[in-house]
Amino acid sequence: MTHYEAYDIIYFHSPYDNTNMVTRVAARFYSEELKKHTDILVYIFYYIRTQHLVEEHKLLSAYLHADKIILQNETMVEDVHSSVPRERLAALSNLKVDRILRLEAEKGRIIG
(Lines give C-alpha, C1' and ligand atoms only; values in the text may rest on other atoms or scores of the structure.)
Protein backbone atom coordinates (compact mmCIF):
# COMPACT_ATOMS: atom_id res chain seq x y z
CA MET A 1 0.00 0.00 0.00
CA THR A 2 1.29 3.46 -0.88
CA HIS A 3 1.19 6.04 1.88
CA TYR A 4 -0.86 9.15 0.97
CA GLU A 5 2.20 11.36 1.48
CA ALA A 6 3.85 9.74 -1.55
CA TYR A 7 1.37 11.08 -4.11
CA ASP A 8 1.93 14.13 -6.32
CA ILE A 9 -1.81 14.77 -6.63
CA ILE A 10 -4.47 14.24 -3.99
CA TYR A 11 -8.16 14.32 -4.92
CA PHE A 12 -10.77 14.83 -2.22
CA HIS A 13 -14.48 15.57 -1.90
CA SER A 14 -14.96 16.53 1.74
CA PRO A 15 -14.76 20.34 1.73
CA TYR A 16 -15.83 21.16 5.27
CA ASP A 17 -12.70 20.39 7.30
CA ASN A 18 -13.60 21.36 10.88
CA THR A 19 -16.73 23.37 9.99
CA ASN A 20 -19.32 20.57 9.81
CA MET A 21 -20.02 18.34 12.78
CA VAL A 22 -22.11 15.83 10.78
CA THR A 23 -19.75 14.99 7.91
CA ARG A 24 -16.41 15.78 9.49
CA VAL A 25 -13.40 13.70 8.51
CA ALA A 26 -10.41 13.05 10.77
CA ALA A 27 -8.26 16.15 11.23
CA ARG A 28 -5.33 14.63 9.35
CA PHE A 29 -7.55 14.66 6.24
CA TYR A 30 -8.52 18.34 6.41
CA SER A 31 -7.57 20.16 3.23
CA GLU A 32 -4.92 22.24 4.98
CA GLU A 33 -3.20 19.05 6.16
CA LEU A 34 -3.52 17.28 2.79
CA LYS A 35 -1.95 20.29 1.08
CA LYS A 36 1.21 19.81 3.16
CA HIS A 37 1.74 16.39 1.56
CA THR A 38 1.12 16.96 -2.13
CA ASP A 39 2.13 19.11 -5.07
CA ILE A 40 -1.44 19.45 -6.32
CA LEU A 41 -4.60 19.28 -4.20
CA VAL A 42 -7.83 18.86 -6.18
CA TYR A 43 -11.30 19.24 -4.69
CA ILE A 44 -14.06 17.53 -6.68
CA PHE A 45 -17.49 18.91 -5.86
CA TYR A 46 -19.44 16.01 -4.40
CA TYR A 47 -23.03 17.15 -4.60
CA ILE A 48 -25.29 17.05 -7.63
CA ARG A 49 -26.59 20.50 -8.52
CA THR A 50 -28.50 21.38 -11.64
CA GLN A 51 -27.51 25.03 -11.71
CA HIS A 52 -26.45 27.41 -8.94
CA LEU A 53 -24.50 26.68 -5.79
CA VAL A 54 -26.39 27.01 -2.56
CA GLU A 55 -25.14 29.90 -0.44
CA GLU A 56 -23.30 27.57 1.98
CA HIS A 57 -21.18 26.15 -0.86
CA LYS A 58 -19.98 29.45 -2.34
CA LEU A 59 -17.02 29.57 0.02
CA LEU A 60 -15.84 26.50 1.92
CA SER A 61 -12.60 26.14 3.83
CA ALA A 62 -11.29 23.58 1.35
CA TYR A 63 -11.50 26.13 -1.48
CA LEU A 64 -8.75 28.11 0.22
CA HIS A 65 -6.32 25.17 0.13
CA ALA A 66 -7.18 23.42 -3.13
CA ASP A 67 -5.08 24.09 -6.21
CA LYS A 68 -7.98 23.05 -8.44
CA ILE A 69 -11.70 22.93 -7.76
CA ILE A 70 -13.78 20.80 -10.11
CA LEU A 71 -17.41 21.92 -10.45
CA GLN A 72 -20.30 20.71 -12.61
CA ASN A 73 -20.95 23.73 -14.80
CA GLU A 74 -19.99 27.32 -15.58
CA THR A 75 -22.88 28.67 -13.50
CA MET A 76 -21.37 27.07 -10.42
CA VAL A 77 -17.95 28.46 -11.30
CA GLU A 78 -19.46 31.95 -11.38
CA ASP A 79 -21.15 31.33 -8.02
CA VAL A 80 -17.91 30.62 -6.12
CA HIS A 81 -16.89 33.49 -3.85
CA SER A 82 -14.66 36.09 -5.51
CA SER A 83 -11.87 35.45 -2.98
CA VAL A 84 -11.15 32.14 -4.75
CA PRO A 85 -8.91 32.73 -7.80
CA ARG A 86 -10.77 31.88 -11.02
CA GLU A 87 -7.79 29.99 -12.42
CA ARG A 88 -8.36 27.36 -9.71
CA LEU A 89 -11.91 26.63 -10.94
CA ALA A 90 -12.96 24.26 -13.70
CA ALA A 91 -16.39 23.18 -14.96
CA LEU A 92 -15.99 19.50 -15.84
CA SER A 93 -19.35 17.87 -15.04
CA ASN A 94 -20.11 15.55 -12.13
CA LEU A 95 -18.39 12.18 -11.78
CA LYS A 96 -21.43 10.49 -10.22
CA VAL A 97 -23.76 11.67 -12.98
CA ASP A 98 -21.23 10.78 -15.68
CA ARG A 99 -20.90 7.27 -14.26
CA ILE A 100 -24.66 6.73 -14.14
CA LEU A 101 -25.03 7.94 -17.73
CA ARG A 102 -22.21 5.67 -18.89
CA LEU A 103 -23.74 2.63 -17.17
CA GLU A 104 -27.13 3.38 -18.66
CA ALA A 105 -25.61 3.80 -22.12
CA GLU A 106 -23.80 0.48 -21.78
CA LYS A 107 -27.12 -1.18 -20.95
CA GLY A 108 -28.62 0.33 -24.10
CA ARG A 109 -31.12 2.44 -22.20
CA ILE A 110 -29.74 5.70 -23.52
CA ILE A 111 -29.28 6.23 -27.23
CA GLY A 112 -26.63 8.61 -28.46
Side-chain angles (χ1 to χ4, degrees):
M1 179 187 291
T2 304
H3 192 273
Y4 75 89
E5 292 178 2
Y7 292 101
D8 294 331
I9 300 175
I10 295 175
Y11 299 90
F12 71 109
H13 68 255
S14 180
Y16 301 110
D17 295 336
N18 65 342
T19 63
N20 186 320
M21 297 300 290
V22 177
T23 60
R24 183 179 292 188
V25 296
R28 68 181 187 197
F29 297 111
Y30 291 172
S31 60
E32 184 174 22
E33 289 301 312
L34 292 174
K35 183 61 184 155
K36 294 176 184 177
H37 303 286
T38 188
D39 296 329
I40 302 171
L41 183 62
V42 179
Y43 169 64
I44 300 175
F45 193 79
Y46 179 77
Y47 306 98
I48 297 173
R49 302 286 311 157
T50 57
Q51 288 295 321
H52 292 279
L53 289 173
V54 295
E55 192 63 37
E56 296 80 25
H57 289 160
K58 291 183 178 184
L59 182 61
L60 297 167
S61 58
Y63 295 0
L64 305 176
H65 305 274
D67 296 296
K68 285 291 182 188
I69 300 166
I70 309 302
L71 299 160
Q72 288 172 222
N73 56 54
E74 289 296 331
T75 302
M76 292 171 69
V77 167
E78 293 302 319
D79 286 345
V80 172
H81 193 272
S82 62
S83 65
V84 179
R86 288 296 178 238
E87 61 270 10
R88 291 187 189 176
L89 307 175
L92 298 176
S93 190
N94 181 287
L95 296 176
K96 290 188 288 185
V97 172
D98 291 347
R99 178 69 176 152
I100 291 167
L101 291 174
R102 185 170 47 247
L103 289 172
E104 291 297 312
E106 289 172 1
K107 291 178 183 178
R109 294 183 186 159
I110 296 177
I111 299 173

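The basis for the numbers below is simple: all heavy atoms, side chains too, and nothing from hydrogens, waters or symmetry mates.
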A.B. asks: Hey, what do you get for CD (Q51) to OG1 (T75), rounding to the nearest 0.5 Å?
C.D. replies: 4.5 Å
A.B. asks: Quick check: closest heavy atoms across I40 and D67, and the distance to 0.1 Å?
C.D. replies: CA-OD2, 3.3 Å
A.B. asks: Who are the side chain to side chain donor-acceptor pair (under 3.5 Å) partners of T19, not counting sequence neighbours?
C.D. replies: none
A.B. asks: With a sphere of 6.0 Å drawn around CD of E87, does it hold more than 12 non-hydrogen atoms of other residues, nucleotides or ligands?
C.D. replies: yes
A.B. asks: So, R24 and D17, do they make that salt bridge, N to O below 4.0 Å?
C.D. replies: no
A.B. asks: For E74, enumerate each residue passing the side chain to side chain contact (heavy atoms under 4.5 Å, CB included) test, keeping only those at least two apart in sequence or located in another chain.
C.D. replies: V77, A91
A.B. asks: May I ask you to decide whether K35 forms a salt bridge with E32, counting only side-chain N to carboxylate O separations under 4.0 Å?
C.D. replies: no
A.B. asks: Take atom OH in Y16; do more than 12 heavy atoms of anything else shown fall under 6.0 Å from it?
C.D. replies: yes
A.B. asks: Find the distance between CZ (R88) and CD1 (I69) and round it off to the nearest 0.5 Å.
C.D. replies: 6.5 Å
A.B. asks: Run the side chain to side chain contact (heavy atoms under 4.5 Å, CB included) check on I70 and L89 step by step: do they pass?
C.D. replies: CA-CA 6 Å; I70 309 302; L89 307 175; over 6 Å; no
A.B. asks: If we only count heavy atoms from C-beta on, is the L92 to L71 side-chain gap below 4.5 Å?
C.D. replies: no
A.B. asks: Would you give the length of the straight line joining atom NE2 of H37 to atom CD1 of I10, rounded to the nearest 0.5 angstrom?
C.D. replies: 7.5 Å
A.B. asks: For S31 and A62, which heavy atoms make the closest approach, and how far apart are they?
C.D. replies: OG-CA, 3.4 Å
A.B. asks: Is there a chain of hydrophobic side chains (I, L, V, M, F, W, Y, each step under 4.5 Å between heavy atoms) that links V54 to V80?
C.D. replies: no
A.B. asks: Which residues pass the side chain to side chain donor-acceptor pair (under 3.5 Å) test with Y46, sequence neighbours left out?
C.D. replies: none
A.B. asks: If I take atom OG from residue S14 and atom CD1 from residue I44, how far apart are they, to the nearest 0.5 angstrom?
C.D. replies: 13.0 Å
A.B. asks: Examine F12 and F29 and state if one hydrophobic cluster contains both, with Ile, Leu, Val, Met, Phe, Trp and Tyr joined whenever side-chain heavy atoms are less than 4.5 Å apart.
C.D. replies: yes
A.B. asks: Hey, what do you get for CG (N73) to CD (E78), rounding to the nearest 0.5 Å?
C.D. replies: 10.5 Å
A.B. asks: To the nearest 0.5 Å, what is the distance between CG (L53) and OH (Y47)?
C.D. replies: 11.5 Å
A.B. asks: Work out which heavy atom in H81 is nearest to a heavy atom in R86; give both atom names and the distance.
C.D. replies: O-NH1, 3.9 Å
A.B. asks: Can you check whether D8's main-chain N or O pairs, donor with acceptor, with T38's side chain at less than 3.5 Å?
C.D. replies: yes
A.B. asks: Does the separation of the ring centres of H57 and F45 fall below 6.0 angstrom?
C.D. replies: yes
